[in-house]
Amino acid sequence: MKKIFVVLTTLILCVACAFGISACKRGDSGKSYNVYVPDGAPALSVAGIGAASLNTKFDVKVVKADTITSYVGGNNPRADFAVLPVNAAVKLLGNGEKYKLLGTVTHGNLFLMKKQGGQDISDREDLAKLTGKTVGVINLANVPGLTFKVILSDNGIPYNELKDGAEVATDKVNLKSVTAQEATPANSDCDYFVVPEPAASTKQAATQGKLSFAGNLQTLYGGENGYPQAVAVAREEIASSNKTATDEFIASFASTREWLLSEDTSAESIANAVKSMTEGDMAPTFTAANLSKEVISNCGIRFTDNKVGKIDIQQFIKKLNAVSANAWGEPEEKFFY
């Protein structure tokens, strides 16, 4: 009789797992949930999970930024939870059928840098000073470049993209695509650069100030709150059936932020936490050498739930669509958790 009971119990559990009951959900490592995040500021936003008891439940994998969408795509996506750029999230998942958007995780880490003798661009009124200048933008075709275009457009500043043989315009802000290596004081083609952290702080230190901070794109966009840069998502079946796990994942962002900014948390501890979660032999963006409390603060890591952040996301996507050759679409109401 006991043997029959054990067999029946096992069969019931197997059937339950087959139908996706969240209690039976297991990640690739034997932990309960697979979490995928791109390298960079999003990786910092989950670094605290590896230093907390949550690491027995959430298996975090830091992957190359340009591969993050592959983990939430297809008929059987690998990610139970993920962090990805807001525009990619809306375009791929915005109908809310496979994933739910939990909230905004990062609010921008982009800075305007000047050469020696360049003027500061401290507020929106200063943007006119860029007219006739050339701004080199790292990743001009994606969120960094699109965000800068949005800022210029919002403030009535015309811009000219230097591609397909276009010449420098004296009555517009000229935008030039550059690599991180090309953003140097020796680049005579550019007067300013748009650079993300930690590269911005690293370049300022490495050049002894020959390349220095001139403006904060988060402030130029909309004051202290910045803009929605990266968002967290959860698989629809988990968000709808396992509120406990979903809420624990959401709560981890506040815990991580507190841990990151604590004076008791060393740069080495943070870098090691990210490194331990990094897939393969990829070298993480953040290391003990380029991490500081100022750099962390400059990464805009702050979880904002949809009660506060939904409108910001909707408005930002509309603005991106207006300046982009790509159609990112618009998020449907059922996309928001």
Side-chain angles (χ1 to χ4, degrees), residues 33-52 54-55 58-73 77-93 99-111 138-139 142-144 146-147 195-200 217-218 226-235 249-261 270-280 282-287 290-291 295-305 309 312-313 316:
Y33 301 99
N34 285 323
V35 181
Y36 287 90
V37 302
D39 185 34
L44 284 185
S45 76
V46 297
I49 290 179
L54 287 173
N55 66 357
F58 299 104
D59 183 24
V60 181
K61 300 176 179 69
V62 176
V63 299
K64 292 181 179 179
D66 60 0
T67 68
I68 186 61
T69 55
S70 66
Y71 298 98
V72 296
R78 295 175 62 182
D80 298 313
F81 296 92
V83 176
L84 67 165
V86 63
N87 58 325
V90 169
K91 184 169 184 176
L92 293 175
L93 313 171
Y99 285 86
K100 299 298 183 186
L101 191 152
L102 305 178
T104 303
V105 175
T106 66
H107 298 260
N109 66 332
L110 300 172
F111 293 85
I138 298 173
N139 215 346
N142 292 305
V143 170
L146 296 177
T147 302
V195 184
E197 283 285 33
L217 263 65
Q218 292 63 240
Y227 52 89
Q229 187 179 44
V231 296
V233 299
R235 288 183 69 159
F249 183 64
I250 289 172
S252 74
F253 292 106
S255 299
T256 290
R257 174 179 162 82
E258 183 178 353
W259 179 72
L260 289 172
L261 295 175
I270 299 169
N272 288 339
V274 174
K275 180 65 176 176
S276 70
M277 298 184 293
T278 300
E279 286 277 85
M282 180 181 70
T285 295
F286 289 96
T287 66
N290 64 25
L291 268 173
V295 167
I296 293 170
S297 180
N298 284 348
C299 286
I301 299 168
R302 183 181 72 258
F303 185 83
T304 303
D305 65 27
D312 291 337
I313 290 171
F316 187 58

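None of these values were measured; they are calculated from a predicted model. Counting from 1, the numbers follow the sequence of the chain as shown.
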Within-4.5 Å side-chain heavy-atom neighbours: Val46 and Ser252: no
Where the side chain of Arg235 meets the backbone of Lys100, is there a donor-acceptor pair that is under 3.5 Å apart? no
Assess whether atom CD of Glu279 is packed by more than 12 heavy atoms of other residues, nucleotides or ligands within 6.0 Å. yes
Taking the side chain as C-beta and beyond, is there a heavy-atom pair between Val72 and Leu93 under 4.5 Å? yes
For Thr67, enumerate each residue passing the side chain to side chain contact (heavy atoms under 4.5 Å, CB included) test, keeping only those at least two apart in sequence or located in another chain. Val63, Lys64, Ser70, Tyr71
Residues Val86, Thr104; criterion side chain to side chain contact (heavy atoms under 4.5 Å, CB included); working and verdict: CA-CA 8 Å; Val86 63; Thr104 303; over 6 Å; no
Checking Asn109 now: which residues fulfil side chain to side chain donor-acceptor pair (under 3.5 Å) with it, not counting sequence neighbours? Gln229
For Arg302, side chain to side chain donor-acceptor pair (under 3.5 Å) partners two or more places apart: His107
Taking the side chain as every heavy atom from C-beta outward, state whether Pro85 and Ile68 have any pair of such atoms under 4.5 Å apart. yes
Is any side-chain heavy atom of Asn87 closer than 4.5 Å to one of Val143? yes
Closest heavy-atom contact between Val195 and Ala200? CG1-N, 3.6 Å
Test side chain to side chain contact (heavy atoms under 4.5 Å, CB included) applied to Tyr227 and Thr147, step by step: CA-CA 9 Å; Tyr227 52 89; Thr147 302; 3.8 Å; yes
With Phe111 via ring pair (Phe, Tyr, Trp, His ring centres under 6.0 Å) - residues at least two apart: Phe213
Suppose we screen for side chain to side chain donor-acceptor pair (under 3.5 Å). Which residues come up paired with Thr285, at least two apart in sequence or across chains? Asp39
Determine the minimum heavy-atom distance between Val295 and Pro198, stating which atoms define it. CG1-CB, 3.9 Å
Quick one: closest heavy-atom pair of Cys299 and Leu44, and the distance? SG-CD1, 4.2 Å
Drop me the distance from Thr304's OG1 to Leu102's CG, to the nearest 0.5 angstrom. 13.0 Å
Test side chain to side chain contact (heavy atoms under 4.5 Å, CB included) applied to Lys275 - qualifying residues, sequence neighbours left out: Pro284
From CD1 (Ile250) to OG (Ser255), nearest 0.5 Å: 12.5 Å
Which pair of non-hydrogen atoms, one from Ala79 and one from Ala82, has the smallest distance, and what is that distance? CB-CB, 4.1 Å
Once side chain to side chain donor-acceptor pair (under 3.5 Å) is applied, do any residues pair with Tyr99, and if so which ones, sequence neighbours excluded? none
Counting C-beta onward and ignoring hydrogens, is there a side-chain heavy-atom pair between Tyr36 and Val83 closer than 4.5 Å? no
Any side-chain heavy atom of Val35 within less than 4.5 Å of one from Asp59? no
With under 30° as parallel and over 60° as perpendicular, where do the rings of Phe249 and Phe58 fit, or are they tilted in between? tilted
Looking only at heavy atoms, which two atoms of Pro196 and Ile138 are closest? And how far apart? CD-CD1, 4.1 Å
Do any N or O atoms from the side chain of Asn142 and from the backbone of Asn139 form a donor-acceptor pair under 3.5 angstrom? no
Look at the side chain of Thr106 and the backbone N and O of Ala230, then say whether any donor-acceptor pair between them is shorter than 3.5 Å. yes
Which atom pair, heavy atoms only, marks the closest approach of Ala271 to Leu291? N-CD1, 4.1 Å
Could you tell me whether the side chain of Arg257 and the main chain of Ile301 form a donor-acceptor pair under 3.5 Å? yes
Answer yes or no: is there a side-chain heavy-atom contact under 4.5 Å between Val231 and Val105? no
For Asp305, enumerate each residue passing the side chain to side chain contact (heavy atoms under 4.5 Å, CB included) test, keeping only those at least two apart in sequence or located in another chain. Phe303, Lys307, Val308
Does Ile270 reach the side chain of Trp259, with side-chain heavy atoms less than 4.5 Å apart? yes
Glu197 side chain vs Ile296 backbone, donor-acceptor pair below 3.5 Å: no
